[in-house]
Amino acid sequence: MGKEIVQPAIVNFATLDKLLALSRANSLWPMTFGLACCAIEMMAAGASRFDLARFGAEVFRPSPRQCDVMIVAGTISKKMAPAVATLYDQMPEPKWVIAMGNCAISGGPFVFEGQYGIIEGADKFLPVDIYIPGCPPRPEALIEGILELEEKITGYRRKSWPRVEAG
């Protein structure tokens, strides 16, 4: 009677998507960006003692246009929030946000009756993917957060290195 509608064959890109997710997860480029004392712990995580390079996230980039991870490390004042949002908007897709420390998660000790200058959490104006609690959180906690983000991107957890017993 009428024209037959021919459905195109469905193309499965699942393997390519998994490969792209694995590539993205193992080469995260965080932004060189810190708001308060948590930034010192973030710097320590990138130093030789904790060696964030083992997990592919050692290249802290100075420009938001070269980054795919924003680590909000510290207290966010209402004056600073528009600048943080602008930096987030300048990052290319796909992009992720890690809230590091109690101040970035909930305002920390600066939340009290009548306070007007502190934003009570980065998730009030940014889509936060990973929360790292602590005041300030240890560098190991940031590494765990990076591993959690890798797991979120790829869907599975990186296998741990085999233990070598001292003999």
Side-chain angles (χ1 to χ4, degrees), residues 13-77 80-81 83-108 119 121-123 125-167:
F13 289 111
T15 306
L16 178 62
D17 289 340
K18 286 181 182 177
L19 182 64
L20 286 174
L22 183 66
S23 301
R24 286 181 181 132
N26 289 313
S27 63
L28 295 172
W29 285 10
M31 189 181 320
T32 305
F33 178 72
L35 295 168
C37 46
C38 289
I40 295 170
E41 300 297 322
M42 182 176 66
M43 289 181 256
S48 60
R49 181 174 182 188
F50 298 101
D51 195 20
L52 197 55
R54 293 177 291 163
F55 306 103
E58 80 276 10
V59 183
F60 281 85
R61 305 304 300 180
S63 169
R65 290 174 182 86
Q66 300 170 345
C67 300
D68 52 9
V69 178
M70 174 185 271
I71 302 173
V72 180
T75 312
I76 308 164
S77 67
M80 192 63 177
V84 174
T86 300
L87 288 172
Y88 176 78
D89 291 339
Q90 291 176 349
M91 292 170 59
E93 291 288 340
K95 54 189 170 184
W96 301 276
V97 177
I98 296 175
M100 181 177 176
N102 291 344
C103 293
I105 293 172
S106 64
I119 293 185
D123 56 359
F125 67 101
L126 293 176
V128 177
D129 297 294
I130 303 293
Y131 296 92
I132 303 172
C135 185
R138 298 271 309 143
E140 297 93 345
L142 176 58
I143 290 171
E144 177 66 23
I146 294 286
L147 292 175
E148 287 286 327
L149 182 58
E150 287 180 5
E151 182 178 0
K152 184 174 185 173
I153 295 168
T154 61
Y156 64 90
R157 186 68 181 238
R158 174 192 299 251
K159 292 192 188 288
S160 61
W161 296 100
R163 283 178 98 48
V164 178
E165 298 297 327

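Just so you know, these numbers come straight off a predicted model, no measurement behind them.
- With values rounded to the nearest 0.5 angstrom, L149 atom CG is found 9.5 Å from T154 atom OG1.
- Residues satisfying the side chain to side chain donor-acceptor pair (under 3.5 Å) criterion with N26, sequence neighbours excluded, are R158.
- With sequence neighbours excluded, the residues satisfying salt bridge (Lys or Arg N to Asp or Glu O under 4.0 Å) with D129 are K152.
- With sequence neighbours left out, Y88 forms a side chain to side chain donor-acceptor pair (under 3.5 Å) with no residue at all.
- Residue pairs meeting the side chain to side chain donor-acceptor pair (under 3.5 Å) criterion with at least one partner in residues 33-47, sequence neighbours excluded, are absent.
- Nearest heavy-atom pair across A36 and G74 is CB-CA, 3.8 Å.
- Taking CE from M42 and OG1 from T32, the interatomic distance works out to 7.0 Å, rounded to the nearest 0.5 Å.
- Applying the salt bridge (Lys or Arg N to Asp or Glu O under 4.0 Å) definition to pairs two or more places apart or across chains, those involving residues 91-105 are E93-K95.
- The side chain to side chain donor-acceptor pair (under 3.5 Å) test applied to E148 returns R157, not counting sequence neighbours.
- In this structure, OG in S63 is found 4.5 Å from CD in Q66, a value given to the nearest 0.5 Å.
- When all heavy atoms of A39 and L35 are compared, the pair lying nearest together is CB-N, 4.5 Å.
- G101 and C38 make their closest contact through CA-SG, 3.8 Å (heavy atoms, listed as atom of the first residue, atom of the second, distance).
- Checked against side chain to side chain contact (heavy atoms under 4.5 Å, CB included), S27 has no partners two or more places apart in sequence or in another chain.
- Partners of L87 according to the side chain to side chain contact (heavy atoms under 4.5 Å, CB included) rule, which considers only residues two or more places apart in sequence or in another chain, are M31, F33, P64, M70, Q90.
- Note that CD1 of I130 is 11.0 Å distant from CH2 of W96, once rounded to the nearest 0.5 Å.
- Across every non-hydrogen atom of A45 and L142, the tightest pair is CB-CD2, 3.7 Å.
- Sequence neighbours left out, the pairs with a member in residues 132-142 that pass salt bridge (Lys or Arg N to Asp or Glu O under 4.0 Å) are R138-E140.
- Residues passing the side chain to side chain contact (heavy atoms under 4.5 Å, CB included) test with L20 are L16, R24, sequence neighbours excluded.
- Evaluated for a side chain to side chain contact (heavy atoms under 4.5 Å, CB included) with I98, the options V72, I146, V128 yield exactly one hit, I146.
- Residues meeting the side chain to side chain contact (heavy atoms under 4.5 Å, CB included) test with A81, sequence neighbours left out: I76, I119, F125.
- Residue pairs meeting the salt bridge (Lys or Arg N to Asp or Glu O under 4.0 Å) criterion with at least one member in residues 58-71, sequence neighbours excluded, do not occur.
- P137 approaches M100 most closely through the heavy-atom pair CG-CG, 3.6 Å.
- Closest non-hydrogen pair, I105 versus D123, comes out as O-OD1, 4.3 Å.
- Counting heavy atoms from C-beta on, the side chains of L28 and I153 come closer than 4.5 Å.
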